[in-house]
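As structure tokens, the structure follows; a few thoughts come after it.
Everything numeric in this text was worked out from a predicted model, so none of it was measured.
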Amino acid sequence: EKRIIKRIIGLPNETITIKDNKVYANGVELDNSFASTETADFDLSEIGLVKIPGDSYFVLGDHRDVSLDSRYDSVGTIRKNQIEGKASLIIWPLNKIGIVK
């Protein structure tokens, strides 16, 4: 019921694992340079999944140590019809102001 801004990390039918502060989709390490804090180890089985459902996406916040995101049952994976837009501008922190690539 709440609007949140998160980064899409996992696509439909992918597996997501976080190990030693590295994020993997289908076993391939993803760019994690935008995360501002350490990321605790995680596996999809922690939210009762083997892979991301076919109509859903896995999202993470950049401030991982305090982010309420797909790692938690209260959020879980996000269905495509729940995605409302795309971020196009970074305004914080000030030293990173610019266009989202």
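- For Lys19, the salt bridge (charged side-chain N to carboxylate O under 4.0 Å, His left out) partners at least two apart in sequence or on another chain are Asp41.
- Contacts of Asn13 classified as side chain to side chain donor-acceptor pair (under 3.5 Å), with partners at least two apart in sequence or in another chain: none.
- Across all non-hydrogen atoms, the minimal contact from Gly54 to Pro12 is O-CB, 3.2 Å.
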I'd like a table of donor-acceptor pairs (distance under 3.5 Å, sequence neighbours excluded) in which one partner is a side-chain atom from residues 84-91, with atom names and distances.
{"from": "Glu84", "atom 1": "OE1", "to": "Arg3", "atom 2": "NE", "distance (Å)": "2.8"}
{"from": "Glu84", "atom 1": "OE1", "to": "Arg3", "atom 2": "NH2", "distance (Å)": "3.4"}
{"from": "Glu84", "atom 1": "OE2", "to": "Arg3", "atom 2": "NE", "distance (Å)": "3.4"}

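- Between Ser74 and Leu68, the closest side-chain pair of non-hydrogen atoms falls below 4.5 Å.
- Judged as a side chain to side chain donor-acceptor pair (under 3.5 Å), and not counting sequence neighbours, Asp55 has no contacts.
- Between Ser67 and Lys6, the closest heavy-atom pair is OG-NZ, 3.0 Å.
- Between Ile52 and Leu11, the closest side-chain pair of non-hydrogen atoms is not below 4.5 Å.
- Here the rule is side-chain contact (heavy atoms from CB on, under 4.5 Å) with Leu60, and of Ile18, Ile8, Asn32 only Ile18 fits it.
- Listed by chain and residue number, Glu14, Ile16, Leu30 satisfy the side-chain contact (heavy atoms from CB on, under 4.5 Å) test with Ala25 (two or more places apart in sequence, or in another chain).
- With sequence neighbours excluded, the residues forming a side chain to side chain donor-acceptor pair (under 3.5 Å) with Thr15 are Asn26, listed by chain and number.
- Every pair passing ring pair (Phe, Tyr, Trp, His ring centres under 6.0 Å) that includes a residue from residues 44-75 is listed here, sequence neighbours excluded: Phe42-Phe58.
- Remark: Asp31 pairs with Ser33 by the side chain to side chain donor-acceptor pair (under 3.5 Å) rule, at least two apart or across chains.
- Under the rule for a salt bridge (charged side-chain N to carboxylate O under 4.0 Å, His left out), the partners of Arg7 that lie at least two apart in sequence or sit in another chain are Asp62.
- Side-chain contact between Val23 and Ile9 is present, with at least one heavy-atom pair separated by less than 4.5 Å.
- Side-chain N or O atoms of Ser70 include one that pairs as donor or acceptor with a backbone N or O of Gly76 at under 3.5 Å.
- Among residue pairs with one or both ends in residues 64-77, those qualifying as salt bridge (charged side-chain N to carboxylate O under 4.0 Å, His left out) are Asp69-Arg71; sequence neighbours excluded.
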